[in-house]
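Worksheet for the structure shown next.
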Amino acid sequence: MTSTGAGDSTDHAEILDRGYRRFDGRRSGVAGAMRSVAWHTTRSVLGLGRKARHKVFPVVVVVIAFLPAVIFIGLTLILGNDLFDGELVPEFWELPRNSIAATVLFVGLVAPEALVRDRRDGMLSLYLSTPLTRLTYLLSKIASVTGVLSIIVVAPTIMYLLGLTFASAGPDGFRDWMLALVRILVSGIAVSVLYALISLACSSVTDRRAFASVSVIMIMFGLLTIVDILIGSADGSEYLRLLDPINIPLEMSARIFGADGVYPEIATAPVYLANLGWFVVAASALWLRYRKAGA
Amino acid sequence: MGDDVAVGVITATGLSMVFGQQRALDALDVTVQPGVTGLVGANGAGKTTFMSIVLGLRAPTVGVVEVLGLDPMRQGAELRSHVGYGPERNIFPEDMPASDFVKHLAEVRGMPRSEARSRASDALWLVGLGEERFRALGTMSTGQRQRVKLAQAIAADPSLILLDEPTDGLDPVQRDEMLALIKQISSEYGIDVLLSSHLLEEVERICDHVVALDAGRLIAQGRLVDLIGDVEGVTIELADIADVPDSVGAVIGRLHAAGLEVRHEPEAFVMDVLGASADDIADAVRDAIADSSARVRRIEPRRRRLEDLFEAAAL
């Protein structure tokens, strides 16, 4: 629009018709496309920019995830460092277990939104007409869901570390403190990646979100239940726990911290191998479903 | 990028695509020139498969393709940042405002965020949805959705856009407006368009070039003016007259008697007359109509239409 100074007459004003403009700048390419899709998915999964009802469940899960950290930090601050001789205060690897039910429900109910919506809304074929390939599209989705799960799995533990440090109950010395932080990040991201992959693989089999949620929850809780029955009632080997997709990632987290974990009967190497197996199976299932999708 | 392409926007050589026992594309040698090109053919002709290969989403079984000077399989990501695509399906994220939808896809195609926002707005104004740009896609009519598809295809300043049945579901007025927009985008903004359609009439109206496929085979390609236009003979359309029974049959009989060939469908009032110069045929038609007390609606030089290419291919 033509600028009109304070004294100019509006008779000289013009309506600007910018019309269609060519773009000579630099395009962001594949990295920019992945970033954009990941951010868009994150907003969608968390219900940002959507109606209030889409935000309720993610907010409830985030609150539940942070609640144990807040309670234990508060207790430590109020009652002191030697709370019940350290019996009550959880280790860093134990903290995510306190909100595992909410985490798995989030994995089952919200994460399918990341994939199912694109197929249902026709976005997949549009995305594949951009610099994205099927692989980079899936990597964007995995990054997004992993990022959101990290808010639930990693962020509360980091807050817990900071809270304990503030209450003079954290790791001794800079080296131990940094080691704890690295272990929290590595184990938390590994658990988040596994849960994200399992959720996305289950969601890839259907175009209906409800069915996707049911399949995620049935596979995760179903296998947990079957393993419990086989070990509890049929005297099965403890190594059957390796088929439990909920607890085995958390067991790996404990081993990363050098702890014996919840299943000390199982050696550490099989725990890592089982998690690798879940990673390969989930990633392969996801890729098999998408390698020709949208063409 | 498009400025560098002097000859073919899309060049395919010996292109074949086989799915199991079915040959979707059969040894196509195709060159798509700058401007608006119509990719025509019935359902199952291979149009969508051809578009998939052009976008680099499928590797051809045999053959070589070059789009904007790039190999779609090896340089697909780079190519697709310069190509816009409007799919046939009219399904969108229902609760997403049109401006967010267009902006998001412009970003995914490589536009910086601030640029994507302003270009999304500009593109929606251009397609006539400026006032409606903040409306949720789920509340829009079919015509508005088709315009949104066009807006998202052009928002990232592509050199080439591929539009799959862009007038599907539109009423005649909306269809005219959409075709005018597509023509404008090519002629005013220099964006080349490959328009896939099974509606030959709309391709004849706006396309500069045509690629015609039938069951995966190329049956014609080239400039539209070279493929259709005036040909030998005269087309006449007669009117039925209640008090002169079989006046149409009488005209046909007299034309045959004059040594002319008459091609027409049974019970049809439109017919092509061949076998002499246009002036001689016109004279013979005039006399036959006068002798038969028939009534004429139209008489004009016979024109070859795209439909004739498909009919000739079927023979």
Side-chain angles (χ1 to χ4, degrees), chain A residues 15-44 47-54 113 116-137 139-140 207 290-295, chain B residues 48-49 51-53 55-58 76-97 100-101 103-113 115-116 118-119 121-123 125-126 137 149 152-158 162 164 184-185 188-191:
Chain A
I15 293 174
L16 175 68
D17 177 12
R18 292 194 301 186
Y20 189 81
R21 293 165 295 128
R22 304 310 305 226
F23 177 74
D24 298 322
R26 190 167 173 275
R27 291 171 193 258
S28 58
V30 178
M34 290 177 71
R35 207 165 39 238
S36 181
V37 170
W39 175 237
H40 180 73
T41 306
T42 301
R43 285 174 55 82
S44 174
L48 303 177
R50 302 177 69 191
K51 289 176 182 168
R53 64 188 164 89
H54 295 289
E113 178 82 7
V116 174
R117 206 163 177 236
D118 284 352
R119 291 204 304 277
R120 199 182 53 204
D121 294 343
M123 288 300 286
L124 178 60
S125 60
L126 277 172
Y127 280 142
L128 294 180
S129 73
T130 70
L132 291 170
T133 60
R134 294 175 186 88
L135 179 63
T136 50
Y137 167 79
L139 288 174
S140 310
D207 286 351
Y290 270 82
R291 72 197 164 108
K292 288 186 177 173
Chain B
T48 303
T49 303
M51 280 192 163
S52 296
I53 292 172
L55 280 169
L57 302 180
R58 290 184 190 279
E78 186 187 349
L79 168 67
R80 289 192 295 271
S81 64
H82 294 277
V83 175
Y85 172 61
E88 182 179 3
R89 290 175 65 191
N90 250 339
I91 306 169
F92 294 110
E94 298 283 306
D95 56 354
M96 201 172 188
D100 287 359
F101 175 75
K103 170 182 162 282
H104 173 55
L105 283 163
E107 271 185 59
V108 177
R109 290 197 169 98
M111 294 287 114
R113 185 166 293 177
E115 184 73 18
S118 67
R119 295 189 71 89
S121 179
D122 292 348
W125 276 103
L126 178 65
L137 292 165
K149 279 200 296 195
Q152 65 79 26
I154 62 172
D157 188 25
L162 310 179
D164 201 351
Q184 179 191 1
I185 284 163
E188 289 188 24
Y189 310 126
I191 299 172

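Note on naming: letters A, B, ... go to the chains in the order of the sequence lines (proteins, then strands), and numbering restarts at 1 for each one.
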| Interface moiety of A:R26 toward chain B, non-hydrogen atoms closer than 4.5 Å | backbone

| request: Check each atom of A:V30 against the heavy atoms of chain B and say whether the ones under 4.5 Å are side chain, backbone, both or neither. | output: side chain

| said: Can you give me the closest heavy-atom contact between B:H82 and A:R27, atom names plus distance? | reply: CE1-NE, 3.6 Å

| request: Would you indicate whether the side-chain heavy atoms of B:I191 and A:R22 approach each other to under 4.5 Å? | output: yes

| message | Contact between A:L126 and B:F101 at the side-chain level, heavy atoms closer than 4.5 Å - yes or no? | response | yes

| task | To the nearest 0.5 angstrom, please state how far the OG atom of A:S129 sits from the CG atom of B:L105. | result | 7.5 Å

Given a strict heavy-atom distance threshold of 4.5 Å, which part of [X] is in contact with chain A: side chain, backbone, both, or neither?
X	value
B:L162	neither
B:M51	neither
B:E188	neither
B:A156	both
B:R109	both

| Would A:S36 and B:R113 count as having a side-chain donor-acceptor pair, cut-off 3.5 Å? | no

| query | Is it true that B:D122 and A:R21 make a salt bridge, defined as a side-chain N closer than 4.0 Å to a carboxylate O? | reply | yes

| task | Heavy atoms only, distances under 4.5 angstrom: which of B:M111, B:E94, B:E107 has the most pairs with chain A? Name it, please. | result | B:M111

| request: Among the options B:G76, B:A123, B:P112, pick out the one with the most heavy-atom pairs lying under 4.5 Å from chain A. | output: B:P112

| request: Classify the ring geometry between B:H104 and A:H40 as parallel (under 30°), tilted (30 to 60°) or perpendicular (over 60°). | output: parallel

| message | Please enumerate all residues that pass ring-ring contact (aromatic ring centres under 6.0 Å, His included) together with A:F23, with sequence neighbours excluded. | response | none

| message | For A:T133, give me all partners under side chain to side chain contact (heavy atoms under 4.5 Å, CB included), at least two apart in sequence or on another chain. | response | A:L135, A:T136, B:R80

